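Order of the sequence lines sets the chain letters (A, B, ...), proteins ahead of strands, with each chain counted from 1. In this text, all values refer to a predicted model and were calculated from it rather than measured experimentally.
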Number of protein chains: 2
Amino acid sequence: MARPLVPLISIDALVSAALELVDEAGDFSLPKLAKRIGVSQSSIYNHVSGREEILELMRGRIISESTYELDVQQDWEAALRAIVRSYRDAFARHPRLAPLLVLQTVQDHQVLGLYEDLALALEAAGFHGRDVLSAISTIDSFALGFALDLAAPDVVWAPPQQGFPTLSSALANAGPADERGEAAFEFGLEILMAGLHSRLRTTVQ
Amino acid sequence: MARPLVPLISIDALVSAALELVDEAGDFSLPKLAKRIGVSQSSIYNHVSGREEILELMRGRIISESTYELDVQQDWEAALRAIVRSYRDAFARHPRLAPLLVLQTVQDHQVLGLYEDLALALEAAGFHGRDVLSAISTIDSFALGFALDLAAPDVVWAPPQQGFPTLSSALANAGPADERGEAAFEFGLEILMAGLHSRLRTTVQ
DNA sequence: ACGATAAACGAAAGCCTTTCGCTTAAGTCT
DNA sequence: AGACTTAAGCGAAAGGCTTTCGTTTATCGT
């Protein structure tokens, strides 16, 4: 086939189809992506530079889909909570995408905007100098860790019947996997916020 | 070649070689693993079930290599700090392994032992019921997040020159990548501990 | 009118994991 | 001692994967 009258491929369609594949199968490949859109593998290279760019585009897409509102009236804590929740919500809708993104540099504009807002909220809170990036890294680790938890197998820990009594009883106490994840995230967010408050109190201003 | 007098492959040698490859290249493959040991790819299947088992064996190996001492005298906070540090140290020695493990259920005995100790320390601290697993998940998210940070590209965020002033200046303030990671981990650990303390104070006992 | 660009295609190179059948040494049982 | 089972190597091949390259042809700008 020669050049079609109307392009068969668009970046939007590419990203949507790739996201569908990841949601369904936990991964995507160019052959499957091409088959889903109904084109050949190699045609895709006319629109993106390769697999990595598609991944980065997916990151931007899911972050854009999960917006948060920053309100001038808001205190920094409310802002931080809103940002972290929105980040985590983005991955909650597409849990299996998180593992595919951990090794890539963040370049997407939308996503950088989220980190910029994070930095602003932290400065408003009273963090200075190197602490700002340390706090960003901490929040990022936390949010990424919980995002990955959403993608983890239902059974994260599989102790044998004998030998790990405390861990086993903690697991027995927990409800179904999604409830456990939800409860853990809420718990973790409280820990994080309390920790940040405490740090601000104890640091010489 | 028929069956050799002395086996050419042992699980220990397999894991060591695989770990070397991951340290060097960030990944390992059976062809490369086989070449390094000096056998053919398919022979490896006589010793392990496949790629996944090798990954799980590597997890056990690095956790075993990074021990911590739990001392009856110790308070729970010291115990938690020791466990989290040891976990993070394990991945600091083999940063590029972390991303390969995020999707796998933990089955290794040594690693389960670490989580058992974590559960014990949390109960000693005064957490009960579902909170134990929530706290484990929170600590796990932190530790995993920071482990992944060690494997991340030197440039985690790449904002363009214009448009993200607060993030850019936070990045400019930071030193080299490894110092940033180290400072962030220490910062995060304080936040985590302070948060847990705060939670214990405010929860009805 | 014409040249450049864009967007499709097929073919192929060079990775990867895993399975299969074949060979032969070592160990075990009678 | 002879025979059977197992363990551990091998090569070949199936069927994935990403990416590059050359070819074709429609559209657009000058």
- Members of residues 40-52 of chain A that approach DNA chain C, where some heavy atom sits under 4.0 Å away: A:Ser40, A:Ser42, A:Ser43, A:Asn46, A:His47
- Task: Tell me, please, which residues at least two apart from A:Ser169 pass side-chain hydrogen bond (donor to acceptor under 3.5 Å, both in side chains).
- Result: none
- Message: With a 4.5 Å cut-off on side-chain heavy atoms, are B:Phe91 and B:Leu148 touching?
- Response: no
- Message: Just to verify, what does A:Asp27 make a side-chain contact (heavy atoms from CB on, under 4.5 Å) with, not counting sequence neighbours?
- Response: A:Arg51, A:Leu100
- State which residues pass side-chain contact (heavy atoms from CB on, under 4.5 Å) with A:Ala18; sequence neighbours excluded, sorted by chain then number. A:Phe28, A:Leu33, A:Ile54, A:Met58
- Task: Could you pull out all residues at least two apart from A:Ser137 that satisfy side-chain hydrogen bond (donor to acceptor under 3.5 Å, both in side chains)?
- Result: B:Arg180
- For atom CD of B:Glu53 and atom P of C:dT17, their distance in whole Å: 15 Å
- Starting at CD1 of B:Ile37 and ending at C1' of D:dC10, how long is that distance when rounded to a whole Å? 15 Å
- Message: Under the rule for side-chain contact (heavy atoms from CB on, under 4.5 Å), what residues qualify as partners of B:Arg130, not counting sequence neighbours?
- Response: A:Glu179
- Going by number, which of residues 12-35 of chain A have a non-hydrogen atom under 4.0 Å from DNA chain C? none
- Message: If the condition is side-chain hydrogen bond (donor to acceptor under 3.5 Å, both in side chains), which residues does B:His109 pass it with, not counting sequence neighbours?
- Response: none
Please table the atom pairs, donor to acceptor, closer than 3.5 Å between any side-chain atom in residues 159-168 of chain A and protein atoms at least two apart or in another chain.
from	atom 1	to	atom 2	distance (Å)
A:Thr166	OG1	B:Glu116	OE2	2.9
A:Ser168	OG	A:Phe164	O	2.8

